[in-house]
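Here is the structure we will look at, set down as structure tokens.
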Amino acid sequence: MYRHLERRLTQKIRDFLQQTYSIELPRIVIEQPPKVEFGEYALPLAFELAKKLRKAPRKIAEEIVAGLGPQEGFEKFEVAGAGYLNARVDREYVAKALVEDKNPEREKVSGKVLVEHSSINPNKAAHIGHLRNAILGDTFVRLLRSAGREVDVQNYIDNTGVQVADVVVGFLYIEKKSRTEIEKLIAQPRFDYYCWDLYARVSQWYEEASENKKIRLKALHEIEQGGNETALLADLVSTAVLRRHLETMDRLDIEYDFLPRESEILRLHFWDAAFTKLKESGVLIFENEGKNAGCWVMRRAGTSSTTETTEIAEEDQKVIVRSNGTVGYVGKDIAYHMWKFGLLGRDFHYEKFYRYPNGHDCWISSEQGVPDHPHFGNVAEIYNVIDARQSEAQGTVIEALRGLGHNEAADHYTHFSYEMVALTPRCAADLGYQLSEEDKAKSYIEVSGRKGFGVKADDLLDKLIASAKAEVDSRHPELPGCERENIATKIAIGALRYFMLKFTKNSVIAFDFKEALSFEGETGPYAQYAIVRATNIFRKGGYDIAEFGRSLRSAIPPEEFKRLLTGENGTELWELWLAASKTAHVIEQCLATSEPAYLAKHIFQTAQLFNTFYHRYPILTEAVEAKKKFLLATAFVVRRELMRALAVLGIQAPPVM
RNA sequence: GGGCGCGUAGCUCAAGCGGAUAGAGCAUCGGAUUUCUAAUCCGAGGGUUGCAGGUUCAAUUCCUGCCGCGCCUACCA
């Protein structure tokens, strides 16, 4: 509703400026006044116009106010401060629309969106850094879907890289395990934990003797080649770990539609198709001299050519194809992204891989595939949720697309970049790691899978559930065990997802158990609790919520809204209604800036307002029937909007807390 | 060396492409008719927004220079 009125206001001002001054402003800035007493929208446009019109800002604002005339949904316009144009909405109008829950139809944006997130190396358990990626990605998917976009979710699996090779080397050369023994291990719960430790040991083992590193290289080649025992084991291990990753993410209600694997990119020769096009278009250049002699190189993203020649300075070169003819990671990524946009002329084969409890199937790439499958790829727009360290590589892929002449694809390629999750020195010490003096002085320490240094996703989730469970047990001993477990799980997910979303993307999260395990203050459970409180009001009062919602349209006469939402107390209540009206507006803002944190903040603020309201107004004991109805309507609308917004963050409120 | 990002309360973070008195949570201290469950609420203290200039009616925000920190900068993936 808020968003709807804002658009209307923008249009109105545009028309007015055009008619009165024949001025067209490229952008009409609309802000929110610091206090609701000043109105709901503030426009500083008079300051901007002052120079053009050679008049005092205040004077201009006065002219605009005088000339605007009435507008549906608005009460009035006024001049404030040195020349702000403030708009007051018609509170009755907004409240009525909220009660009726009619959403003004938005313009449909067509074209499929592809979001790639998670992309965890399938060689060890997922850790908190992966959680941030997956939660950000999944939330962005939910934001897009709530805005009516059609979205495919992909999780890229690098199953032929060194990291998988390392674990296979560990099984074969350190533990000397047979295939049957490995299969037995896979059948055990949390095979990914086993690999976590083994991976750390292998990394150590490489340091011990240089010939060990040669074994690694041999294993890597065998895996890339395929059709041998090492490759078979790599597939066995990586598939098992991948399955574990899907299970872990499923605990957080994160699902994928398709898992493209590097093994198919290799074996279906995606690179060959891309290589031809890249050579033809001159994106790739064969280097004859210098340290990169014999390689196919391209210009690194962010470096600009100083001369008009095709030569690239050596330090600006990015090797795509090595002198031995093998292609590196970026090259495969270019081919993969050409496929995403339907520009490669090749496709994967597909088969089903994982079925979620709700019946949704997750597909995986394969060499053979099944005849009947959904179509992936060939989309209009893509978002890659990949951490900030990869921004140069991402930029290089975009530049390659541009070089191939696919500017439109490049324009619709978004690197959804975010910063890493690190550990506070205290947290690292709690986990039992020896810290150097240098590390202790740092504000945070980077996690390292290679060193086995980090917090595993499942461990964190287990801890959160246990901690929530203890609280639920003491509060609701009367409930059956499975229900308490259910509630604790919802609270744990709420806490974890909110924790990962409340920071803006480009701030490094210094992870700390105390903060992450907190259920008080700015946390997911705080917002869930507000919803539970609203639910309790209806339950205790003997109302059926759904039925109450249906009866609401006719229950309160419009003039009652006007009366109860004005005056000093009314304005306080109005702030809550106003917050509830902003869901669509905030979602739109999150999408425009690729920043889910705005929605998290908004939910928290709304929950805060609700809790204040809850304390100030005892509803069920309210003697005046009309006022009671209105207060119930307030609780109903806020509850509905909070649930809606939390659902977009992938958080559900439990029935009781 | 070059590129990108960051520096805001004791701590962790906000602040809508420059806007009105820079806001939250945690921590600390002091309070809340035993109520629609306190996973809550109210209040207090705490700031020269790293430093120095510049642009502007207006700078935490933009520009320049310093200081400090992080990441990237492999014929590894």
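In what follows, every heavy atom counts, from backbone to side chain, and hydrogens, waters and symmetry copies are set aside. The shown structure was predicted, so the numbers you read here are calculated from the model rather than taken from an experiment.
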Would you say a side-chain N or O of [X] is under 4.0 Å from OP1 or OP2 of [N]?
X: A:K540; N: B:U35; value: no
X: A:N611; N: B:U40; value: no
X: A:R539; N: B:C36; value: no

From the options [options], select the nucleotide whose nearest atom is closest to the side chain of [X].
X: A:T612; options: B:A38, B:U73, B:C42; result: B:C42
X: A:E520; options: B:A24, B:U40, B:C75; result: B:U40
X: A:K291; options: B:C75, B:U37, B:G25; result: B:C75
X: A:R300; options: B:U37, B:C71, B:U73; result: B:U73
X: A:Y529; options: B:A20, B:C13, B:A39; result: B:A39
X: A:P525; options: B:C72, B:U21, B:A39; result: B:A39

Grab the [atom1]-[atom2] distance between [X] and [N] for me, whole Å please.
X: A:Y2; N: B:G16; atom1: OH; atom2: P; answer: 14 Å
X: A:R533; N: B:U40; atom1: CZ; atom2: C1'; answer: 4 Å
X: A:K514; N: B:C11; atom1: NZ; atom2: C1'; answer: 9 Å

Any donor-acceptor pair, under 3.5 Å, between the side chain of A:S323 and the base of B:C75, if you only look at N and O atoms? yes
Looking at A:F513, I'd like to know if the NZ or CZ of A:K463 sits under 6.0 Å from its six-membered ring centre while staying within 45 degrees of the ring's axis. yes
Using the ring of A:Y206 (Phe, Tyr or Trp, six-membered ring only), decide whether A:R216 places NZ or CZ under 6.0 Å from its centre and within 45 degrees of its axis. yes
What is the glycosidic conformation of B:C17: syn, defined as within 90° of 0, or anti? syn
Does B:C69 pair with anything, Watson-Crick or G-U wobble, both distances under 3.5 Å, and if so, with which nucleotide?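 Matched B:C69 with B:G5 under the 3.5 Å cut-off.
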Of A:Y41 and A:F613, the one whose closest RNA chain B nucleotide lies more 5': A:Y41
Would A:Y156 and A:N384 count as having a side-chain donor-acceptor pair, cut-off 3.5 Å? no
Specify whether A:F503 and A:F499 have parallel, tilted or perpendicular ring planes, treating 30° as the upper limit for parallel and 60° as the lower limit for perpendicular.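 Geometry flag for A:F499 against A:F503: perpendicular rings.
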Just wondering, do A:Y526 and B:A39 stack (centres under 5.5 Å, planes under 30°)?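 According to the criterion (under 5.5 Å, under 30°), no, A:Y526 does not stack.
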